[in-house]
Amino acid sequence: MIISKVYGALGWLRWQMLPLRCLVCECPGEDGMDLCRACHRTLPWNDHACRRCALPLAAADRSEETDDHCGRCVDEHPRQAAASAAFLYAAPIDRLLIRFKFHQDLAAGRLLSQLMLQRVPPFLAGPLQPMPLHRRRLRQRGYNQALELARPLARGLCCPLWQGLQRTRETAAQSNLDADARRCNLRDAFAVRGHPPAGLTVVDDVMTTGATTDAALRALQYAGAGPMQVWVCARVP
């Protein structure tokens with residue numbers, strides 16, 4: 001938390017005093033971002049995706065019969081009412097997310113938030129809930145990457161942040177587990193303080209299998225939440 005404030009202040013001073021610089025190719029940044037227009041044109045936007053889980057859809061799946069839902073969501077009905085991911089988890093977004101999440105590069109996080117604001121999902125109608133970190137992981141990292149994404153999103157959209165969802169159990173890293181193991185790993189990992197507000201949208205950096213999202217939404221449902229949405233920076237195909 002202290003690291004987040006220090007790096008945030010340093011990033012703000014850098015943004016005010018130094019010229020913009022593309023975080024991808026180091027050319028001059030443009031349009032108020034640390035990104036040049038050439039790199040902006042190559043970004044892997046997730047423009048054709050399932051409206052329920054944000055999984056990218058192949059051309060053959062984009063039909064009136066599926067109503068822009070993937071086959072899995074048609075059969076299994078995930079917990080969220082809708083989901084949106086600005087990007088596919090591909091270059092250069094994947095590298096920016098790694099820098100942001102694991103190397104304290106909050107400038108990359110600020111850029112990613114700016115880009116997410118260029119693809120605001122139509123379902124957004126209420127508070128944003130950043131995906132929480134367990135307090136031990138938060139102490140180790142110094143900041144919650146989902147919160148650092150959600151803060152500028154909330155400011156840009158003039159909507160409130162709600163942080164009643166809490167990570168109560170530390171779990172093994174999800175990246176080393178398959179889908180079934182991820183679900184077991186996250187059992188009872190979340191709790192909710194207070195009553196969830198209507199129209200809640202959970203914000204996170206990356207969505208892979210959806211196990212973390214499902215566990216968080218399950219806790220929110222048990223606490224009385226109504227229909228909820230998910231908004232992430234990137235979706236792993």
Side-chain angles (χ1 to χ4, degrees), residues 22-25 27 29-31 33-63 66-74 76 78-103 105-124 128 130-131 145-146 148-150 152-153 156-157 173-179 182 201-214 216-217 229-237:
C22 180
L23 297 181
V24 178
C25 71
C27 288
E30 300 178 74
D31 301 323
M33 296 186 294
D34 283 315
L35 187 72
C36 68
R37 290 179 187 172
C39 288
H40 188 280
R41 286 194 294 270
T42 67
L43 294 176
W45 298 100
N46 188 27
D47 287 331
H48 302 288
C50 174
R51 293 193 298 174
R52 198 75 180 263
C53 72
L55 194 69
L57 293 174
D61 295 328
R62 300 174 205 155
S63 66
T66 61
D67 193 29
D68 290 332
H69 291 134
C70 68
R72 181 176 178 181
C73 286
V74 170
E76 298 183 8
R79 213 173 292 272
Q80 66 271 12
S84 179
F87 298 102
L88 300 174
Y89 190 75
I93 295 298
D94 53 356
R95 297 194 297 270
L96 290 172
L97 281 164
I98 289 171
R99 287 165 55 178
F100 171 44
K101 188 171 182 176
F102 298 113
H103 300 286
D105 190 345
L106 295 186
R110 182 175 60 248
L111 172 61
L112 293 168
S113 291
Q114 289 176 306
L115 293 170
M116 288 177 72
L117 285 170
Q118 297 181 3
R119 291 291 194 280
V120 177
F123 56 67
L124 203 68
L128 303 181
M131 187 69 73
Q145 73 279 358
E148 297 304 319
L149 283 177
L153 295 178
L157 296 169
Q174 292 283 92
S175 56
N176 300 322
L177 305 175
D178 61 23
R182 285 174 185 241
T201 295
V202 175
V203 175
D204 206 358
D205 56 339
V206 180
M207 187 174 179
T208 306
T209 66
T212 302
T213 299
D214 185 73
L217 296 182
Q229 296 74 231
V230 177
W231 188 16
V232 299
C233 181
R235 183 66 157 97
V236 176

Q: Tell me, with the steps shown, if Val202 and Gln229 meet side chain to side chain contact (heavy atoms under 4.5 Å, CB included).
A: CA-CA 6 Å; Val202 175; Gln229 296 74 231; over 6 Å; no

(Q) Working note: Phe123 + Thr201, criterion side chain to side chain contact (heavy atoms under 4.5 Å, CB included); need CA distance, chi angles, decisive distance, verdict. (A) CA-CA 9 Å; Phe123 56 67; Thr201 295; 4.2 Å; yes

Q. How far apart are the closest heavy atoms of Trp231 and Leu157, and which atoms are they?
A. CZ3-CD1, 3.8 Å

Q) Which heavy atom in Cys25 sits nearest to a heavy atom in Cys22, and how many Å separate them? A) N-SG, 3.4 Å

Q.
Nearest 0.5 Å, please: how far is CZ in Arg79 from CG in Asp214?
A. 4.0 Å

Q: Side-chain contact test, heavy atoms from C-beta onward, threshold under 4.5 Å: evaluate it for Thr42 versus Val24 and give yes or no.
A: no

Q | Where Ala90 and Pro44 come nearest, the two heavy atoms and their spacing | A | O-CG, 3.8 Å

Q) Would a 4.5 Å heavy-atom cut-off, applied to side chains only, mark Asp204 and Val230 as touching? A) no

Q. At what distance, to the nearest 0.5 angstrom, does CG of Leu106 lie from CG of Leu112?
A. 11.0 Å

**Q.** Ionic contact status for Asp47 with Arg119, cut-off 4.0 Å
**A.** yes

Q. Between Leu23 and Arg99, which heavy-atom pair has the shortest distance, and what is it?
A. O-NH1, 2.8 Å

Q.
If you compare all heavy atoms of Pro152 against all heavy atoms of Glu148, which two are closest, and at what distance to 0.1 Å?
A. CD-O, 3.1 Å

Q | Phe100/Leu149 under side chain to side chain contact (heavy atoms under 4.5 Å, CB included): CA gap, chis, key distance, verdict | A | CA-CA 10 Å; Phe100 171 44; Leu149 283 177; 3.7 Å; yes

Q.
What I'd like to find out is whether the side chain of Leu43 reaches to under 4.5 Å of the side chain of Ile93, using heavy atoms alone.
A. yes

Q: Spell out, as yes or no, whether a donor-acceptor pair under 3.5 Å connects the side chain of Gln80 to the backbone of Arg52.
A: yes

(Q) Looking at every non-hydrogen atom in both residues, tell me the closest pair between Val203 and Ala146 and how far apart they are. (A) O-CB, 3.6 Å

Q: Could you check if a side-chain atom of Tyr89 sits within less than 4.5 angstrom of a side-chain atom of Arg235, using non-hydrogen atoms only?
A: no

**Q.** Rounded distance [0.5 Å steps], CG in Leu97 versus CD in Gln145
**A.** 9.0 Å

Q) If you round to the nearest 0.5 Å, how far is CG of Leu153 from CD of Gln114? A) 10.5 Å

Q.
Distance check, rounded to the nearest 0.5 Å: Met207 atom CE versus Met131 atom CE?
A. 8.5 Å

Q.
So Asp31 and Arg37, do their side chains get closer than 4.5 Å, heavy atoms only?
A. yes

Q: In sequence, state the C-alpha distance, the side-chain angles, and the governing distance for Val232 and Val206, and then conclude on side chain to side chain contact (heavy atoms under 4.5 Å, CB included).
A: CA-CA 6 Å; Val232 299; Val206 180; over 6 Å; no

(Q) In the structure I gave you, are the side-chain heavy atoms of Cys233 and Ser113 within less than 4.5 Å of one another anywhere? (A) no

Q) Is there a donor-acceptor pair under 3.5 Å between the side chain of Asp205 and the backbone N or O of Lys101? A) no

Q.
Any heavy-atom pair between the side chains of Met33 and Leu115 that's under 4.5 Å?
A. yes

Q) OG/Ser84 to CE/Met116 distance, rounded to the nearest 0.5 angstrom? A) 8.0 Å

**Q.** Any Leu88 side-chain heavy atom under 4.5 Å of Pro56 side chain
**A.** yes

Q. Under 3.5 Å, side chain of Arg72 to main-chain N/O of Pro78, donor-acceptor pair present?
A. no

